[in-house]
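Just so you know, these numbers come straight off a predicted model, no measurement behind them. Numbers restart at 1 for each chain; the letters A, B, ... are given by sequence-line order, proteins then strands.
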Amino acid sequence: MSALLRGPLAVDPLFLGGIDWTVFLIVVVKTIVVFALLLLSVLFYIWFLRKVIADMQNRVGPNNAGKFGILQTLADGIKLFFKEQSIPDGAEKPIFRLAPYLALIPAFIAFSIVPIGGVVTVAGHVTYVQLVDVPIGILVLLAMSGVGLYGVMLAGWSSGSKYPLLGSVRASAQLLSYEAAFGLSILAVLIQSGTLSTRAIVQHQVWSGGVVAGAQWHGWSTLGQWFIVATPIAFVIFLVSAIAETNHPPFDLVEAEQELVGGFLTEYTGIRFAIFFLAEFMNVITMSAIAVTLFLGGPAGPGLGFLARNGWVNAWIVPVFWFMAKLLLLLFGTVWIRASVPRLRYDQLMNFGWKYLIELAFLWLMVTAVIRVADDQQWDFVNGNRGLTIFVVTVAAGVGAALVYGVLMLCIPRGDELASIEEWD
Amino acid sequence: MIAVMFFVVAAIVLGGAFGVVLSPNPVYSALFLVATLIGVAAFFLMQSAQLLAAVQVIVYASAVVVLFLFVIMLLGVDRREGLNDPRPLQRPVAIALGVLLVIEVVALAGHNWATGTKSQVAKLHGANIDSVARALFTTYLWPFEITSILFVAAVVGAVVLARRSGRGAPVEDTRAEVTS
């Protein structure tokens, strides 16, 4: 067993001393804690979402269950759990039952790679506050967002009814379309960090003066190392395509009520319906957490200087606090978008993804690659000033990319032009 | 432990493969194919080929099979079909080729390159991304680039052919969708 685990999990120091019962127990406890944390986050997020949107619309929102209505989601969950579950006659029953779990399990696995906190010592074992730190790190997210599509797709198909089928076909087209821009924006970060491991990406962002430590803070100057500074456009592309990947408004055409009744969810009731929503909100939280990891320095942040640097407050609580604070900021952003941006039309969605976002992501990737090469090869043609050289290279690459993008935009036909092009054959 | 995992995963892979062939409904076939592909990804993991495992899941188990399902659902062939084949020769030829394949696999398994030892590179670099990237972009750059051009040509060719034959309905449909 140890030889098997040493391969994919070699990075976490927990496994370096071999596997014994304590290590096994730590892994089990970590799994349960992370899963519980994710479930609680969903409960909290749904309440937060309803309260914030209610506030934006001058309503009160949920206020009866518990203090400030914070138990409202729990009450809804319990209600759905005890409701009767119906299965349509025309449904493909085994797949209809399987589909919710196909959506839920990838949503959980994707979250497992997120670094939540720093490096801690539990019962003499040094470990990361993170479920797993696989060397292929971020690829796990891509794989799981691909596999998670099966849940939506099969739910729509197995319902044996036309609106769910249309909803699921839309979902698959949308996810495949935005997967490209999504992957390209992640690639821009990977070029900067030179690694796929999520923890190493975080470490790269807090790197300072040759000291690489697990999510330790090295002063405010390291803010410039955050990838939101190094690749801001990739951050924007990541956010847009992540919102599309999670079927979050304004990209929620999958369940557009006006057009598709309830999309792929139409025939689902009770706990299966709840599981789909759980998976969807888990995905929103996971994507926000990944955005924090990739672009905002993950759990890095200033510690409490008057306490011991490796004491339990600075090792356990402070990194988790910073991670949660950044996560909450992004989650508030998603709620804000949900409350204020109207849903796209299907052709707008496809045009935006294929004609604008992917090109932009490609060009930004090229700019990032040029900067990285200039840095690696130590280019220097401005009188020994390497910083200025990098700046000149960045501006030149950026202007070049902007020109190419402009030409591309001029070449892309739109609206009535497209109708005439359709006649070409 | 590894032997146990090997047999469990092997059972999933083989079960999935039989499921693909034997299930009367194409959607179930596609799902069994996913099980097989993910099982093969698990084999890659056991051999410390983590990048290959990830690529296997991302490209084959999600993108490719999702496209299969997409086509199956759009064309409406997702109903149960009998296993009776109208062409008389197809079944014997398929059996003959299958037997040939089994003989081939058995013969190849005896060769010394199929040793079952793990990748040495993975132990050095964690995930064998470095070595794969180096091979792709230095030694095998031309085959890699030419293959990608071939793929693009195939896609463009497929679009052109589809539009030539379907002068009627499909073109009208796309226009209505895009310009509305």
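- With a 4.5 angstrom heavy-atom cutoff, A/Leu142 touches chain B via backbone and side-chain atoms both.
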Exercise for the section: Dump the intermediate steps for side-chain contact (heavy atoms from CB on, under 4.5 Å) on A/Leu139 and B/Val57, then the final yes or no. Expected result: CA-CA 10 Å; A/Leu139 290 183; B/Val57 175; over 6 Å; no
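- A heavy-atom distance below 4.5 Å is found between the side chains of B/Tyr28 and A/Ile95.
- For the residue pair A/Leu176 and B/Val66, the shortest heavy atom distance occurs at CD1-CG1, 4.0 Å.
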Exercise for the section: Let me see the working for A/Glu92 and B/Asn25 under side-chain contact (heavy atoms from CB on, under 4.5 Å), right down to the final yes or no. Expected result: CA-CA 11 Å; A/Glu92 199 68 47; B/Asn25 187 325; 4.1 Å; yes
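- A distance of 6.0 Å separates CD1 of A/Ile136 from CG of B/Leu45, quoted to the nearest 0.5 Å.
- Counting heavy atoms of neighbouring residues, nucleotides and ligands inside a 6.0 Å radius, atom OH of B/Tyr60 does not exceed 12 of them.
- Nearest heavy atom pair, residue B/Ser62 against residue A/Tyr150, reads O-OH, 3.7 Å.
- Between the OG atom of A/Ser168 and the CG atom of B/Leu69 there is a distance of 9.5 Å, given to the nearest 0.5 Å.
- Looking at B/Val34, only its side chain comes within 4.5 Å of chain A, counting heavy atoms on both sides.
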